[in-house]
Number of protein chains: 2
Amino acid sequence: MTKSEQQTAKRDAAKEQESVITGPAEDYLKAIYELELAGGAASTNDIAQRLSFAPASVTGMIRRLAEHGLLAYERYRGVTLTAAGRKAALRTLRRHRVIESYLVGTLGYRWDNVHEEAERLEHAASEELIDRMAAAIGEPVVDPHGAPIPTREGVVDETQYCSLADLGPGHRVAVVRVGDDDPEVLRYLASIGIMPGVTIAVLACEPFDGPITLSIENERISIGAPLAAQVLVDMIGGSEAPSH
Amino acid sequence: MTKSEQQTAKRDAAKEQESVITGPAEDYLKAIYELELAGGAASTNDIAQRLSFAPASVTGMIRRLAEHGLLAYERYRGVTLTAAGRKAALRTLRRHRVIESYLVGTLGYRWDNVHEEAERLEHAASEELIDRMAAAIGEPVVDPHGAPIPTREGVVDETQYCSLADLGPGHRVAVVRVGDDDPEVLRYLASIGIMPGVTIAVLACEPFDGPITLSIENERISIGAPLAAQVLVDMIGGSEAPSH
DNA sequence: GAGTCGAATTAGGTTAACCTAAACCAGCTG
DNA sequence: CAGCTGGTTTAGGTTAACCTAATTCGACTC
């Protein structure tokens, strides 16, 4: 083997590692996983919208991912993750959420600006780094926004919670999780005391997706339906009538 | 503006941020900076070898970087960083070295495997993250291998040290810095006690790039010339004859 | 069962970043 | 100063990942 052949071989070997699951591919798999959780097969359009790509680009990428066995794909029929695809998606999701947790837990970030940082780091961090970060903050099971962190082995809690927008008045609920992507939304939620673990009572709901009035820590506040939809909650009592 | 035009605009705006200095470009700039430090203008071949790319690829990239004002380039004449290029190189170098320092200082990494991790993270970490990491470990001025960390403003110590391979017998020196890239070399250096801050006496040097015999912490050891060249040192006394 | 509409795909194009192989140039050697 | 040589560049090709515009398809309506 000549010297330049050695170098070529080294390049090929280095490329082999990453191979199929590139950074962009990880983003697709993550998006598809989340869409699937929400409702069955993920459509081309849904994926395109979530990633801010043109639908045609999505078709191209999902074809490639399907060829590599990461998702099941029939033209005009949407896609579903295979076991391998799901595993890859959860690996990326774990990275994302561990990174968010670490940044908040150790480096003094606030919960509203970790998403963007994690979005980039998740593609660059090694498994070792993620495990060390997780260990450093005590192996948390949820990230700062309440999203469950998959384990190293790819196990994750997929419980479906309902959002504040789905409830009628009279419910008492615990906030489980909030959307993690919009910094402004997160800052506002924090300012009115909505964060995982907090207890909320639903006082009133106006019709036609109107505002929802809540009681949080004895404060009364109304929020719009779109915002309410970002807040996932767990029932802790009452239904139409508060238990007493 | 239609909805899809908005989305296109958003994509363009997002792309604008990164724009010219992509991840690969950062690697080129870093390499060129280091080659320049070692000796004048960086040649296409030197850059190609350092980055394990084909020379033709290097020509292509340096043309692009030159077009964007990051380096001065005349065909067949090698390249030199412009002020903008130097700034970008130092920014990346700062990231790399802060990350290495942080991984060792806080996450329990050893010095032999931080390089690879930093090599990927340096392209993904935000300025804020780097600054927080640096603050968390007390704003170090050198990384775990002794390489100087540029400041946020792009100031860096460029003192040229000589290597162990450049010395004759009788010198007493302090180790300042070692090469950071080869894990095996680093593990071996650590095993024989060579790391920044340690004092070494040069006992003997065989001719024709032969082995160099050292005294480290009262241990006697011989190392080969290539390895000795990886160890940068600072004189602390003696020349041919030890001061007494 | 034909028409229609929106979603999905195909067709064709762009850019970045690599490659190999062939041409080219500079500077040194005889 | 002709010629060689090695470093450099040009020419031409590939792949990934995007794009727009045009076409096709599925499902639903009439």
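First the proteins, then the strands, lettered A, B, ... as listed; each starts at 1. Quick note: numbers below take in every heavy atom, side chains included, and nothing from hydrogens, waters or symmetry partners.
When the nucleotides C/dC19, D/dT8, C/dT10 are ranked by their closest atom to the side chain of B/Ala54, C/dC19 comes out on top. Listed nucleotides: D/dC18, C/dA8, C/dC19. Nearest to the side chain of A/Thr44: C/dA8.
Applying the side-chain hydrogen bond (donor to acceptor under 3.5 Å, both in side chains) criterion to A/Gln160, with sequence neighbours excluded, gives no partner residue. Among residues two or more places apart in sequence or in another chain, the side-chain hydrogen bond (donor to acceptor under 3.5 Å, both in side chains) test is passed with A/Arg86 by A/Glu158. The side-chain hydrogen bond (donor to acceptor under 3.5 Å, both in side chains) search around B/Arg152 returns B/Asp131, not counting sequence neighbours. For the side-chain hydrogen bond (donor to acceptor under 3.5 Å, both in side chains) test, no residue two or more places apart in sequence or in another chain qualifies with A/Arg64.
B/Pro55 comes within 4.0 angstrom of a base, heavy atoms only.
Nearest heavy-atom pair across B/Ala31 and B/Arg50 is CB-CD, 3.6 Å.
Within the 4.0 Å cut-off from OP1 or OP2 of C/dA7, not a single side-chain nitrogen or oxygen of A/Ser43 is found. Within the 4.0 Å cut-off from OP1 or OP2 of C/dA8, at least one side-chain nitrogen or oxygen of A/Asn45 is found.
Between A/Asp46 atom CG and C/dA8 atom C1' the separation is 12 Å, expressed in whole Å. As rounded to whole Å, 8 Å separates atom C1' of D/dA17 from atom CZ of A/Phe53. Protein atom OH of A/Tyr28 is 11 Å distant from nucleotide atom C1' of D/dA16, rounded to whole Å. Rounded to whole Å, the distance from CD1 on A/Ile47 to C1' on D/dC18 is 16 Å.
Note on residues 19-47 of chain A: pairs passing ring-ring contact (aromatic ring centres under 6.0 Å, His included), not counting sequence neighbours, are A/Tyr28-A/Phe53.
Of all the residues in residues 58-80 of chain A, A/Met61, A/Arg64, A/Tyr76 reach under 4.0 Å from DNA chain D with at least one non-hydrogen atom.
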